[in-house]
Amino acid sequence: MPNKHASVKDVRKSKRRAARNARLKTHVKALTKQMNDFIKAGSVSEAKALTGKLQQVVAKAAKNHLFHPNKAARKTSAMHRKLNSLSTK
């Protein structure tokens, strides 16, 4: 247990931040899984509707340093590649 008041406050802040980061990461994973399920099912319209939301969440995660910007770009690019391959078939 920290001795100084500032250290106690830092522990509280880090717990709050860790919870927020975990929540955001889980949200990104859930949206990605949902997108993959739509693509596997072949439902293009639902996948296109989800694309904007997923791209927005991934960009926000990168902005908040939850993901590296290159990882966010890879996720977005992979999502668009899958969606384009589905719509060209």
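The first residue of the sequence shown is numbered 1, and numbering continues consecutively from there. As the structure is a prediction and not an experimental result, all values here were calculated from the model.
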Inset, instruction - Apply side chain to side chain contact (heavy atoms under 4.5 Å, CB included) to Leu86 and Lys82, showing your working. - result: CA-CA 6 Å; Leu86 181 69; Lys82 286 179 185 176; over 6 Å; no
Inset, instruction - Return yes when atom CG of Asn70 has more than 12 non-hydrogen atoms of other residues, nucleotides or ligands closer than 6.0 Å, and no otherwise. - result: yes
Legend entry - Among Leu31, Leu54, Asn36, side chain to side chain contact (heavy atoms under 4.5 Å, CB included) partner for Met79: Leu54
Inset, instruction - Please check if the side chain of Ser43 supplies one atom and the backbone of Phe38 the other of a donor-acceptor pair under 3.5 Å. - result: yes
Inset, instruction - Output the distance between atom OG1 (Thr51) and atom CE (Met35), rounded to the nearest 0.5 Å. - result: 3.0 Å
Legend entry - Contact check, side chains of Pro2 and Asp10, non-hydrogen atoms, under 4.5 Å: no
Inset, instruction - With the side chain counted from C-beta on, respond yes when Leu50 and Glu46 share a heavy-atom pair under 4.5 Å apart, and no when they do not. - result: no
Legend entry - Separation of Arg81 CZ from Ile39 CD1 (nearest 0.5 Å): 11.0 Å
Inset, instruction - Any chance you could measure Ser14, atom OG, to Lys9, atom NZ, to the nearest 0.5 Å? - result: 13.0 Å
Inset, instruction - Evaluate the side chain to side chain contact (heavy atoms under 4.5 Å, CB included) criterion for residues His27 and Lys53: first the C-alpha distance (whole Å), next the side-chain angles of each, then the deciding distance (0.1 Å), finally the verdict. - result: CA-CA 11 Å; His27 188 54; Lys53 179 67 176 170; 4.2 Å; yes
Legend entry - Exercise: identify the closest heavy-atom pair between Val28 and Thr32: O-OG1, 2.7 Å
Inset, instruction - Rounded to the nearest 0.5 Å, what's the gap from NZ on Lys33 to OG1 on Thr26? Could you check? - result: 13.5 Å
Legend entry - Interatomic distance, Leu24 atom CG to Asn64 atom CG [nearest 0.5 angstrom]: 7.0 Å
